[in-house]
Amino acid sequence: QAQLVESGGGLVQAGGSLRLSCAAPPRTFMWFPVGWFRQAPGEGREFVAGLSANAGAAYYGDAVKGRFTISTDNTKMRVYLQMNSLKPDDTAVYYCAVSKTSLHGAPPTNFQEYDVWGQGTQVTISS
């Protein structure tokens with residue numbers, strides 16, 4: 001069972017940047033796709049970005065295209081979400097997740113397709 005840990009959240013002014021990090025056991029991101037989701041109070045869990053297994057194709061939700069970038073480091077032990085031009089609407093708890101049912105595949109956009117989740121990290125954007 002993979003254990004995911006997110007970090008990098010915090011409070012930032014609109015227009016600023018943050019980089020979130022997701023750590024996983026060795027080789028996790030070589031075998032399985034990874035996704036970033038976010039959830040604001042009273043809202044559903046929204047797909048933000050995803051990366052195919054072994055640092056393949058990247059995908060983004062419409063709300064963040066052109067502003068966020070998902071990537072891995074050269075060890076494949078961490079996945080990052082670089083968030084630029086942040087807006088108050090980006091305020092949410094951000095979660096990293098792995099889809100073990102999608103072995104070697106692309107990241108699903110439905111959160112129900114993910115079976116391993118981190119605890120989340122709070123991102124708050126002030127006006």
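Applying the ring-ring contact (aromatic ring centres under 6.0 Å, His included) test to pairs two or more places apart or on separate chains, those with a residue in residues 12-54 are Trp31-His104, Phe37-Phe47, Phe37-Tyr114, Phe37-Trp117. Here disulfide bond (SG atoms under 2.5 Å apart) pairs that include residues 65-127, with residues two or more places apart or in two chains, are Cys22-Cys96. For residues 50-79, no residue pair satisfies the disulfide bond (SG atoms under 2.5 Å apart) rule, not counting sequence neighbours. Sorted by first then second residue, the disulfide bond (SG atoms under 2.5 Å apart) pairs that include residues 24-93, not counting sequence neighbours, number zero. Counting only residues at least two apart or on different chains, no disulfide bond (SG atoms under 2.5 Å apart) pair has a member in residues 39-86.
Atom CD of Gln112 and atom OG1 of Thr101 lie 11.5 Å apart (nearest 0.5 Å). Rounding to the nearest 0.5 angstrom, the gap separating the CG atom in Leu20 from the CD atom in Gln82 is 9.0 Å.
Residues Ser126 and Pro88 fail the side-chain proximity criterion, which asks for heavy atoms closer than 4.5 Å.
Taking all atoms of both residues into account, the shortest heavy-atom contact from Ala24 to Leu4 is CB-CD2, 3.4 Å. What you find for Ala92 and Ala40 is that their closest heavy atoms are CB-N, 3.9 Å. Shortest non-hydrogen contact noted between Tyr94 and Leu81 is CD2-CD2, 4.2 Å. Among all heavy-atom pairs drawn from Pro108 and Ser102, the shortest one is CG-OG, 3.5 Å. In terms of heavy-atom proximity, Asp73 sits nearest to Met77 at OD1-N, 3.5 Å.
Looking at residues two or more places apart in sequence or on another chain, you find no salt bridge (charged side-chain N to carboxylate O under 4.0 Å, His left out) involving Asp89. Applying the side-chain contact (heavy atoms from CB on, under 4.5 Å) test to Arg67 and every residue at least two apart in sequence or in another chain returns Val64, Ser85, Lys87, Asp90. Remark: Asn110 engages no residue in a side chain to side chain donor-acceptor pair (under 3.5 Å) (not counting sequence neighbours). Annotation: side-chain contact (heavy atoms from CB on, under 4.5 Å) contacts of Gln39 (sequence neighbours excluded): Arg45, Tyr95. Taking Thr72 as the reference, Leu51, Ala55, Lys76, Val79 meet the side-chain contact (heavy atoms from CB on, under 4.5 Å) condition, with sequence neighbours excluded. Residues satisfying the side-chain contact (heavy atoms from CB on, under 4.5 Å) test with Ser71, not counting sequence neighbours, are Tyr80. With sequence neighbours left out, Ser21 forms a side chain to side chain donor-acceptor pair (under 3.5 Å) with Arg78.
A side-chain donor-acceptor contact under 3.5 Å links Thr91 to the backbone of Ile125. Proximity of a side-chain donor or acceptor of Tyr60 to a complementary backbone N or O of Ile70 within less than 3.5 Å is detected. In this structure a side-chain-to-backbone donor-acceptor pair under 3.5 Å is present from Glu6 to Gln119.
Linking Ile, Leu, Val, Met, Phe, Trp and Tyr whenever their side-chain heavy atoms come within less than 4.5 Å leaves Leu11 and Met83 in two separate clusters.
A side-chain contact (heavy atoms from CB on, under 4.5 Å) with Arg38 is found for exactly one of Val123, Val48, Thr121, namely Val48.
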